[in-house]
Every structure is written in structure tokens, then in C-alpha cells.
Trainee: 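Here's a structure for you.
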Amino acid sequence: MDKTVIHPNLRSIKLPDIDRISDYARPLRWLTLGWHDMQRTPLLSLGYGALFAVLGYALTHYAWGSAQLSFTLTSGFLLVAPFLAIVFYDLSHLAEHHHAPRLLHIIKPLRANGGSILFFALMLGFAMSVWERLSAIFLALNISGERVGFDGFSYALLHGQQLDVIVPYLLMGALLAAVVFALSVVSLPMLLHRRVDLATALMTSLWTVRSNPLLMLEWALIIVALSVVGFATMFIGMVVIFPLIGHASWHVYRDLVER
């Protein structure tokens, strides 16, 4: 039976059923399915992954002298990645129906539900801008001059210096990332796949997290761990990791939200 949530404007929103899964090995299945999708579309998947890796490295290298900018750009990946991965959702959708991969196919769902997807992108952009401003203010007020650069900030973090400042900073970023994750874990694949409004997609995503809190926490930690590997390899690992997470995210949506 569909769930009904009362919207603030008194309009009811009918949500699809959400499966409750107690199999905590399921994220490995999502990653395996994502890997298979990558093998079906290697040129498009890895090509887009390489493009993101190059852009990510260029932006981070540009901001290397500023701890605030460099950390905002790297951690901000987790905030805007759900939208950047939209191509992988579409490729996995095509693979699911045994259709030939076509990059321009994404124009069709974008045209059908473009308004909601655009508002979703604006929402993520707003979250990114909020994080950038909070990061700038917090570090400017608390980090001493010799630690302003990326190298100095990293040294302080690795050697346990200024933890009274760094730990709250990291917790602040983690809280914002958790909110974005809860709102986006299945919402954009749903917008790409179904003719629904943004409110319905966001509420479905929140309900998915509410129904599977430990499973979604596990999936979020896997995304963070894989992303750290990608950052630690100077974005080289992102050539494979970003498409893998994107394709796997489609299967998260298909596994948890009723068809």
C-alpha cells in the first residue's frame, strides 16, 4: 500500500512502497551490479569518469594554496555527486532493459522531467555554496596563519594539532553531507525514471533512509571510503570509482523502491 504524507500546503503526497532490507551484504551486490554495468558500457562510463577526474584534479590543484578551497572542493564532491552521476543512472537503466548504450538518450528523460531535475541540481548547488561559506568563515576564524595552506592544514590534521578546531569542522561537513545523502540517495534516479515532482522524490528518499537506517549508513560509509581512495590517488582512482558508485546507486534505487 502506498504511504501518504501530508505536505505543508495540505496537498497529500503518495509515496511508493519502500523495501526494508536486513541483509547488510546488499551493498556488495549493488557494487557488483554496478561493475557489470560498467563492463557493458566501458567507453562511456570510464570516459565520463576520466573527465570528472581531470576536472577534479584541476580544481583541487588550483586551490592547493588554500585549505578552505581545497577541502571544500574535495569534500563538496559528496554533495554534488548525485547530480554529476546522472549519466550513469541512465546508462544502467538502458542496460537493465538490454538496450544499446547511448549518451544522448538522457535527453529524453531530462525533457520529460527536466523541471524537477533542474530544481534538484539547484538544491545541490545551494548546499555546496552553503558549505563553501561555512568552511571559509570557520577556518578563517580558527586556523592560524601557518596552517592556512593545504599542506599546513593536512600536517595539523595528521599530527593531532588544533583538533579542537578541526574535529568540529569535520563534524559540520559530515552533518551537511548526511542531510544531502538522505535527500538524494534515491531521488535523482527516481526523477530520471518516473514522472514525479521533486517533493515526492525527496520524501521517498527520506523514507528510504528512515526505513533502512543501518543499511543506508553502511552505504554512505562505503561511498565515503571509496571517495577517499579516489582523492588519495590524486583523482586517478576516480576514473573507476565515480562510475562504479554512480551505476551502483541506480541499483540502490531499483532494489529499495517498488517497481
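Counting begins at 1 with the first residue of the sequence.
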Trainee: Do L171 and L221 belong together in a cluster built from hydrophobic side chains that touch within less than 4.5 Å?
Mentor: no

Trainee: Rounded to the nearest 0.5 Å, how far does CG of L226 lie from CD1 of I222?
Mentor: 7.0 Å

Trainee: Would a distance-only check, ignoring hydrogens and angles, find a side-chain to backbone donor-acceptor pair under 3.5 Å from Y89 to P82?
Mentor: yes

Trainee: Are side-chain heavy atoms of T41 and L94 found at a separation under 4.5 Å?
Mentor: no

Trainee: Counting only heavy atoms not in Y24, do more than 12 sit closer than 6.0 Å to its OH atom?
Mentor: yes

Trainee: Should M38 and L33 be counted in the same cluster of Ile, Leu, Val, Met, Phe, Trp and Tyr side chains packed under 4.5 Å apart?
Mentor: no

Trainee: Donor-acceptor pair, D37 side chain versus A248 backbone, under 3.5 Å?
Mentor: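 No, D37 side chain to A248 backbone: no donor-acceptor pair under 3.5 Å.
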
Trainee: For a 4.5 angstrom cut-off between non-hydrogen side-chain atoms, does S249 reach W219?
Mentor: yes

Trainee: Strictly distance-based, threshold 3.5 Å: is any side-chain N or O of S205 a donor or acceptor partner for the main-chain N or O of V185?
Mentor: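 Yes; judged by distance alone, with no hydrogens or angles, the pair exists.
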
Trainee: Is the backbone N or O of I21 less than 3.5 Å from a side-chain atom of N212, with the two atoms forming a donor-acceptor pair by type?
Mentor: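 Here the side-chain-to-backbone pair exists.
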
Trainee: At what distance, to the nearest 0.5 angstrom, does CZ of R20 lie from CZ of R210?
Mentor: 7.0 Å

Trainee: With a 3.5 Å cut-off and sequence neighbours excluded, list the donor-acceptor pairs that the side chains of residues 231-242 form with protein atoms.
Mentor:
unit_1, atom_1, unit_2, atom_2, d
T233, OG1, V229, O, 3.1
T233, OG1, G230, O, 2.9
T233, OG1, G237, N, 2.9

Trainee: Does R29 pair with D255 as a salt bridge, N-O distance under 4.0 Å?
Mentor: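 Result for this pair is yes, salt bridge flagged.
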
Trainee: Are F83 and F120 near enough that their ring centres are under 6.0 Å apart?
Mentor: no

